[in-house]
Amino acid sequence: SIGSFEAVFFPNRGVSGKTLKDILEDEGIRKIGHDIKNEIRVLRGAGMGIEGPFFDVMIADYLVDPSVTKHDLSSIAVKMGGSGLEDRSKIDPVDETGQVFMDLSCRPGYEVTEGCQKADLIRRIHVRLERELEEKDLASLFYEVEMPLVNVLVSMEEDGVALNTNYLKLLSSDMERKLDEVTSRVYALAGEEFNINSTKQLQKVLFEKLRLAPGRRTKTGASTDESVLKNLAVKHELPRCLLEYRELSKLKSAYYDSLLSLVDPDTGILQARFNQAVTATGRLSSSEPNLQNMPIKTERGKEIRRAFIPRSPERSILAADYSQIELRILAHLSGDEKLIGAFSKGEDVHRSTASLIFAVPTDQVDDRMRSAAKTVNFGVIYGMGPYKLASDLEISVREAEAFIASYFGRYEGVRDFIETTIDRVRKDGFVTTLLNRRRYIPEINAKNERIRSFAERIAVNTPVQGSAADLIKIAMIRVFNRLHGEDARMIIQVHDELVFDVPKISLQEIAGEVRKIMESVMDLKVPLKVDVEAGPNWCDMEKIAA
């Protein structure tokens with residue numbers, strides 16, 4: 001419906017006499033559609049290319065109102081005053097040139113198909129959204145970042161990533177055996193067999209039969225979530241086994257079996273989706289499967305990443321990861337001199353923070369101090385309070401309060417940034433990133449303290465996380481354009497990390513180019529630093545020196 005709409009409804013725009021293929025591949029004709037990334041993949045499957053410039057109403061609506069969860073065509077139409085795909089009458093049919101659309105339903109001999117209805121609706125919606133993008137100063141972000149990113153994501157989805165399926169099958173089989181062993185231990189400790197996945201049966205075993213003290217309660221009774229089981233594990237072995245069972249079960253179903261069910265059995269290639277219009281912060285999300293959620297902290301989780309391999313033995317996996325990007329953006333946004341100074345001098349920012357908080361020279365900061373400072377550094381971005389900090393560091397709430405007070409006493413610029421940001425959001429109703437991406441936070445003035453506090457945390461986190469999302473999107477576009485035509489593929493994006501499948505023969509050259517581009521995408525008050533690694537899979541990698 002993208003190209004046919006332009007050809008049928010606007011014959012005076014230089015497209016008459018051209019085939020649909022001609023129109024789609026003509027860079028002089030703008031293509032207006034909904035979810036154009038998917039349209040490109042469908043059309044390529046039919047042997048037709050499609051070239052920009054693009055205007056995707058789904059992405060435009062997402063930028064205008066990122067907090068809304070649905071950006072499908074019908075939902076956008078309803079928001080604009082229609083009642084869905086069939087009702088377009090309430091959406092202004094006059095475009096930016098003043099030309100009124102022809103209504104084919106009024107002309108004898110014409111049958112208006114669903115495709116024509118959608119094309120008409122897309123064009124009407126586009127007029128309003130284009131105006132809103134300009135009014136909200138989002139046009140630059142839309143045209144210079146989000147639209148160029150479409151082709152990058154199409155390429156990543158089409159190329160996919162190679163998986164070692166034999167290795168995954170072995171892991172899944174081994175996991176099945178371990179699950180059977182843990183299940184037997186659970187039954188032995190409980191003194192009976194029961195459905196481990198049933199909350200009711202688990203409550204009965206833990207709190208009635210074994211008489212363990214229940215913790216937090218829910219609508220269905222005493223909670224059996226991970227935090228409760230961790231507390232109970234100190235007193236009894238059964239909760240420890242239950243935690244192990246859950247970890248193994250999740251790994252097997254959510255990762256091993258899921259990957260095997262989605263990979264192409266003939267090619268061994270996994271083609272995940274990367275979604276632009278999901279997160280409120282501007283981050284990309286991933287689905288079918290969620291590659292951004294592959295575990296890395298545990299040994300069992302690392303085993304999964306070993307299954308991600310290059311397409312041939314002559315190639316290598318290359319990963320480029322922004323170092324502490326959110327803290328660097330916090331330093332830039334806050335203008336805090338101490339934080340900027342630490343990054344500018346190339347210091348270990350966590351060690352530097354520990355030195356300030358504990359009032360000791362940096363060479364006297366031990367691992368415990370650095371770990372505590374690291375938790376505080378990252379916790380500040382997410383609005384961590386004393387109770388959460390106390391829980392994470394296993395200290396008293398009073399000590400946690402002293403930690404936070406000491407942090408803000410040393411990093412006054414960060415404190416002022418947080419206070420100023422919250423005050424501005426209370427006044428404006430929204431917060432912006434470095435590229436002016438907006439997020440509306442109406443809950444900031446809520447009477448309910450819990451809701452208001454949550455909104456304040458979002459207000460502080462969004463400029464930081466959202467700016468990081470903007471930055472890596474620019475990096476993706478520039479790296480993609482640089483590698484275009486070379487035998488190197490960008491295959492995965494995980495928040496601050498880009499993953500590539502590259503020939504070993506040009507590994508060093510590509511690594512250097514990727515690092516150079518990523519470290520120069522934005523001019524911040526602190527230097528950007530990118531760590532680059534390469535190896536035979538996504539887990540076993542060695543650093544490549546700058």
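Throughout, numbering of the chain's residues begins at 1 and tracks the sequence.
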Can you tell me if [X] uses its side chain to pair, donor with acceptor, with the backbone of [Y] under 3.5 Å?
| X | Y | answer |
| --- | --- | --- |
| Asp61 | Ile76 | no |
| Arg328 | Ser323 | yes |
| Thr279 | Arg283 | yes |
| Ser352 | Asp348 | no |
| Arg437 | Ala469 | no |
| Glu519 | Val530 | yes |
| Arg410 | Leu356 | yes |
| His34 | Met58 | no |
| Lys374 | Arg351 | no |
| Gln465 | Glu326 | no |

Is any side-chain heavy atom of [Y] closer than 4.5 Å to one of [X]?
| X | Y | result |
| --- | --- | --- |
| Leu389 | Ile404 | yes |
| Ile50 | Glu25 | no |
| Val68 | Tyr62 | no |
| Asp501 | Val161 | no |
| Arg489 | Val502 | no |
| Val145 | Asp470 | no |

Nearest-0.5 Å distance, [atom1] of residue [X] to [atom2] of residue [Y]:
| X | Y | atom1 | atom2 | answer |
| --- | --- | --- | --- | --- |
| Met156 | Ile491 | CE | CD1 | 8.5 Å |
| Ser258 | Leu251 | OG | CG | 12.0 Å |
| Asp35 | Leu73 | CG | CG | 10.5 Å |
| Glu51 | Ile40 | CD | CD1 | 8.5 Å |
| Phe343 | Asp336 | CZ | CG | 10.5 Å |
| Met147 | Ile477 | CE | CD1 | 10.0 Å |

Practice task
Test side chain to side chain donor-acceptor pair (under 3.5 Å) on Glu303 and Tyr255 and set out the steps.
Solution key: CA-CA 11 Å; Glu303 286 180 346; Tyr255 300 111; over 6 Å; no
Handout entry: Exceeds 12 heavy-atom contacts within 6.0 angstrom, atom CD of Glu158
Key = yes
Problem - Asp523, CG atom: more than 12 neighbouring heavy atoms under 6.0 Å - result: no
What is the minimum heavy-atom distance between [X] and [Y], and which atoms define it?
| X | Y | answer |
| --- | --- | --- |
| Val57 | Ile32 | CG1-CG2, 4.5 Å |
| Gln292 | Gln493 | NE2-OE1, 3.0 Å |
| Tyr382 | Arg457 | O-CD, 3.4 Å |
| Leu141 | Leu63 | CD2-CD2, 3.9 Å |
| Leu259 | Pro289 | CD2-CG, 3.7 Å |
| Lys31 | Asp26 | NZ-O, 2.6 Å |

For the pair [X] and [Y], find out whether any cationic side-chain nitrogen is under 4.0 Å from an anionic carboxylate oxygen.
| X | Y | result |
| --- | --- | --- |
| Arg246 | Glu226 | no |
| Glu130 | Arg123 | no |
| Arg482 | Glu513 | yes |
| Asp392 | Lys388 | yes |
| Lys529 | Asp531 | yes |

Practice task
Kindly write out the residues that satisfy ring pair (Phe, Tyr, Trp, His ring centres under 6.0 Å) with Phe430, not counting sequence neighbours, or none if the list is empty.
Solution key: Tyr440
Problem - Results of ring pair (Phe, Tyr, Trp, His ring centres under 6.0 Å) for Phe378 - residues two or more places apart only - result: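 In terms of ring pair (Phe, Tyr, Trp, His ring centres under 6.0 Å), with neighbours along the sequence ignored, Phe378 is linked to His350.
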Handout entry: Pairs involving residues 453-472, ordered by first then second residue, that meet ring-ring contact (aromatic ring centres under 6.0 Å, His included) (sequence neighbours left out)
Key = none
Practice task
Assess whether salt bridge (charged side-chain N to carboxylate O under 4.0 Å, His left out) is satisfied between Arg426 and Glu456, documenting all intermediate values.
Solution key: CA-CA 9 Å; Arg426 285 201 183 105; Glu456 289 174 355; 2.6 Å; yes
Exercise for the section: Could you pull out all residues at least two apart from Tyr387 that satisfy side-chain contact (heavy atoms from CB on, under 4.5 Å)? Expected result: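 If we apply the side-chain contact (heavy atoms from CB on, under 4.5 Å) test to Tyr387, skipping adjacent residues, the hits are Val397.
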Exercise for the section: Apply side-chain contact (heavy atoms from CB on, under 4.5 Å) to Ile269 and list each qualifying residue two or more places apart in sequence or on a separate chain. Expected result: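 Checked Ile269 against side-chain contact (heavy atoms from CB on, under 4.5 Å); matches are Ala162, Thr267, Gln271, Arg311.
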Are side-chain N/O atoms of [X] and [Y] paired as donor and acceptor at under 3.5 Å?
| X | Y | result |
| --- | --- | --- |
| His126 | Arg30 | yes |
| Thr462 | Arg439 | yes |
| Ser285 | Asn275 | yes |
| Asp72 | Ser74 | no |
| Asn537 | Asp540 | yes |

Would you list the atom pairs, donor with acceptor, under 3.5 Å between side chains in residues 411-421 and any protein atom, with sequence neighbours excluded?
from: Tyr411; atom 1: OH; to: Thr353; atom 2: OG1; distance (Å): 2.7
from: Thr420; atom 1: OG1; to: Asp416; atom 2: O; distance (Å): 2.8
from: Thr421; atom 1: OG1; to: Phe417; atom 2: O; distance (Å): 2.7

Practice task
Fit a plane to each ring of Phe308 and Trp538, take the angle between them on a 0 to 90° scale, and name the class: parallel (under 30°), tilted (30 to 60°) or perpendicular (over 60°).
Solution key: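 The rings of Phe308 and Trp538 stand perpendicular, inter-plane angle above 60°.
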Handout entry: From CA spacing to verdict: salt bridge (charged side-chain N to carboxylate O under 4.0 Å, His left out), Asp487, Arg315
Key = CA-CA 10 Å; Asp487 189 18; Arg315 302 176 70 85; 2.9 Å; yes
Handout entry: Pair Glu288-Arg273, salt bridge (charged side-chain N to carboxylate O under 4.0 Å, His left out): steps then yes or no
Key = CA-CA 6 Å; Glu288 300 178 49; Arg273 290 183 174 272; 3.6 Å; yes
Problem - Matching residue for Ile474 among Leu149, Ile517, Leu435 - test: side-chain contact (heavy atoms from CB on, under 4.5 Å) - result: Leu435
